[in-house]
Amino acid sequence: GLADKLQQTFKKLRGRGKLSENDINDAMREVRVALLEADVNFKVAKDFIAQIKSRATGQEILQSLTPGQHVVKIVNEELTALLGGTQSRITISSRPPTVVMLVGLQGAGKTTTAGKLASLLKKQNKRPLLVAGDIYRPAAIKQLQVLGEQLQIPVFAKEDSRDPVAIAKAAVEHAISYANDVVIIDTAGRLHINETLMQELKSIKQTVKPHEIMLVVDAMTGQDAVTVADSFNQELGIDGIILTKLDGDARGGAALSIKAVTGRPIKFVGMGEKLDALEPFHPDRMASRILG
Amino acid sequence: ISGYATIDSEFLEDLEAVLLSADIGIQTTNKLMASINTGIRAKEIRNPDELRPYLKTKIEEMLLKNVPEVDVSTEPPRVVLVIGVNGVGKTTTIGKLGNFYREKGETVLLAAGDTFRAAAIEQLEIWGKRIGVDVIKQATGSDPAAVAFDAVQAAKARKVDTLIIDTAGRLHTKTNLMEELKKINRVISREIPGAPHEILLVLDATTGQNAISQAKLFSAAAPVTGVVLTKLDGTAKGGVVVSIGGELGLPVLWIGVGEGITDLRPFDPREFADALFG
Ligand SMILES: Nc1nc2c(ncn2[C@@H]2O[C@H](COP(=O)(O)OP(=O)(O)OP(=O)(O)O)[C@@H](O)[C@H]2O)c(=O)[nH]1
Ligand SMILES: Nc1nc2c(ncn2[C@@H]2O[C@H](COP(=O)(O)OP(=O)(O)OP(=O)(O)O)[C@@H](O)[C@H]2O)c(=O)[nH]1
Ligand SMILES: [Mg+2]
Ligand SMILES: [Mg+2]
């Protein structure tokens, strides 16, 4: 990984005494390659390198006997700090029901994640209500109903409705009547550039005032992660992020890109297809994974 | 750098940024940028205006490796197996592809080979109804290889022209799921020599460099014949297929440009290369 590459870079310099600006630049190039191969957005990578370069040209590196190890340590620390703390909780409102809305591109894992979140909250003695807000995708409502059945968690659906805003509104009213304290709204996958569908999300937000709008993102997303996250955040407002399919071998550089452009916390990671495969986000583990 | 006299470094940096932001990847980007030197020395590039066309040509070359001849000699049924990681658009693509063949006048049959995911069978059945095509299925939880077997028998018995088999999304790193894929492939080829005639790997245009790992590991499990690149109607450019073409020789055959029946187009390398710089 990066650690080995940097060892090699600095091995060639051993016995030359002090490190030069050029030596540090070589090291920064290696870090840049690692970040780009990990799908960190190339502009985010550029800013990050500039940030760590100032630490890397400090005395601790220039006088170190193991400069390669030191650079890796700095990169790891800075990356971990950037990825943010561990805030792996849904903020529960003091005036129930807490309303959570899941949004994101097509196929990111929203419906499955809705089930996982509901399962987690049920284990925390909450009484969640799942809401089938995707009226477009074939068998989307059925998909959420099957998950609800598996989890023994109620699913609110209006089979004949063509109005996701009305569905969301009715669901919250239902939750109040039936004492469900968390409402999890699954929405249809959509493109950030589809104005009609982005407006639909804004209308749902205006109507039911979610406490948490979670952007669900596939961990294998490449450079486009910045554009997508920025659009969703600017147009709708994002409270937190869930990164899915981290059980694969995607390095997950999108995590850094999204955090850098939105500043919002990555709260959970999806680690599999089963409904118990939702874990807290650990910035240090994510940093090591990105660096490879 | 000699020859760069009229091509300033800012211009080159901008070009590099275009390639990187399109998910071409750092290794392939470096190769393409290095090829500019070669082009300058060979006088194929004489001024900055010729840089983009030169790169587009190089990109098209990588994309045109191994594009298969259209094989019309296959005895029916032609069997198409659709594979890929979770959520990339396999089931939707099958709906679109089934419609394409049906509009061409072929008889088409679909197979609900995803016996695992919630409402996967129902999803494909709705597509079948939309395009007027039957769907072979078994109960959720049954062996996908058994569904494939059933579907092949049905296709032979009904003498359909094209059978398209859906599979469950699977991460390429999950050994047991890749073994399951190998078994599905074996069952199909035992029942019809030479089948599956097409194995389509579906890749999502928003995916970054991990698509290369997907292409490698899926190809190791079953002889992938081509790629379907979906969700090109978004802002992602899908540039990783340039490396997949150049390094692995896998051609892109179709692109998905939306969620509707008609949102499937044959891949055009020139259009794709133009769009990268667009
Ligand atoms: N391996 C793995 N698969 C996942 C994970 N999360 C979701 N999936 C799978 O990804 C695929 C897509 O998941 P969905 O929940 O249907 O995605 P979606 O965002 O609701 O899709 P649309 O509603 O069409 O936008 C399914 O095959 C899921 O089983 C995860 O963390 N790991
Ligand atoms: N915008 C857009 N969306 C697409 C395209 N192709 C598929 N989708 C959407 O992507 C989502 C996932 O599609 P599916 O066909 O369920 O994907 P899949 O690969 O079969 O998913 P799994 O079976 O769960 O692995 C759905 O919301 C589709 O409508 C495309 O070309 N453009
Ligand atoms: Mg969904
Ligand atoms: Mg599917």
Side-chain angles (χ1 to χ4, degrees), chain A residues 32-43 45-46 105-112 115 136-150 188-194 217-228 231 244-245 247-254 272-273, chain B residues 16-17 19-27 29-30 85-92 95 116-127 129-130 140 168-174 177 203-214 217 230-231 233-240 258-259:
Chain A
R32 179 176 181 258
V33 169
L35 295 176
L36 291 176
E37 285 181 336
D39 290 321
V40 174
N41 180 273
F42 82 99
K43 287 202 195 98
K46 193 171 183 182
L105 295 182
Q106 292 90 345
K110 298 175 292 299
T111 305
T112 310
Y136 307 105
R137 170 175 153 151
I141 296 176
K142 187 87 213 292
Q143 184 184 2
L144 194 65
Q145 285 172 330
V146 170
L147 299 186
E149 184 69 21
Q150 288 173 3
R190 68 203 62 215
L191 296 177
H192 48 299
I193 52 174
N194 185 320
V217 180
D218 194 323
M220 59 191 188
T221 308
Q223 299 289 307
D224 202 42
V226 160
T227 314
V228 174
S231 304
T244 61
K245 308 178 203 171
D247 45 318
D249 62 350
R251 297 263 290 273
E273 293 195 70
Chain B
E16 192 199 39
L19 296 176
L20 286 177
S21 62
D23 283 311
I24 295 265
I26 182 69
Q27 306 299 348
T29 296
N30 287 343
V85 302
N86 308 71
V88 293
K90 297 177 294 298
T91 306
T92 307
F116 169 73
R117 205 208 68 214
I121 297 171
E122 287 87 337
Q123 184 186 4
L124 189 66
E125 285 189 297
I126 291 173
W127 272 104
K129 288 213 167 53
R130 274 184 185 174
T140 298
R170 68 200 67 225
L171 292 184
H172 46 299
T173 46
K174 307 220 161 156
L177 297 182
L203 297 176
D204 186 327
T206 65
T207 304
Q209 299 309 299
N210 193 250
I212 297 177
S213 176
Q214 294 174 26
L217 294 185
T230 61
K231 308 180 196 172
D233 47 318
T235 48
K237 306 274 179 147
V240 66
E259 304 186 70

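So that the names make sense, note that chain A is the first sequence line, chain B the second, and so on, each numbered from 1. Remember, predicted model here, so these are calculated numbers, not experimental data.
Side-chain atoms of A:K142 do not come within 3.5 Å of backbone N or O of B:E122 as any donor-acceptor pair.
Residues A:P138 and B:R130 approach most closely at CG-NH2, 3.8 Å, considering heavy atoms. Smallest separation of non-hydrogen atoms from A:Q143 and B:R117: NE2-NE, 3.6 Å. A:L147 and B:A118 get closest at one heavy-atom pair: CD2-CB, 3.9 Å.
Heavy-atom distances place both the backbone and the side chain of B:D233 under 4.5 Å from chain A. If you measure heavy-atom distances from A:T227 to chain B, the contacts under 4.5 Å come from the side chain alone. For A:I141, no part lies under 4.5 angstrom from a heavy atom of chain B. Heavy atoms closer than 4.5 Å to chain B are found in both the backbone and the side chain of A:D247. The contact between B:A17 and chain A is made by backbone and side chain atoms together, counting heavy-atom distances below 4.5 Å. Contacts of B:K174 with chain A are made by side-chain atoms alone, with heavy-atom separations under 4.5 Å and no backbone atom involved. Residue B:L20 touches chain A through both its backbone and its side chain, counting heavy-atom pairs closer than 4.5 Å. When heavy atoms are compared at a cutoff of 4.5 Å, B:V88 approaches chain A solely by way of its side chain, counted from C-beta outward. Proximity to chain A is limited to the side chain of B:Q27, based on heavy atoms less than 4.5 angstrom apart.
Atom OG1 of A:T244 is separated from atom CG of B:N86 by 9.0 Å, given to the nearest 0.5 angstrom. Atom CD of B:E259 is separated from atom CD of A:Q106 by 4.0 Å, given to the nearest 0.5 angstrom. B:D204 contributes atom CG, which lies 5.5 Å from atom CE of A:M220 (distance to the nearest 0.5 angstrom).
Each of B:E125, B:E16, B:Q123 has some count of heavy-atom pairs under 4.5 Å with chain A, and the biggest count is that of B:Q123.
For the residue pair A:D249 / B:S213, a side-chain donor-acceptor distance below 3.5 Å is found, with atom types taken as modelled.
Few gaps surround CD on A:Q150; more than 12 heavy atoms of other groups in view lie less than 6.0 Å from it.
When each of B:T235, B:T207, B:T206 is checked for a side-chain hydrogen bond (donor to acceptor under 3.5 Å, both in side chains) with A:D224, only B:T235 meets the rule.
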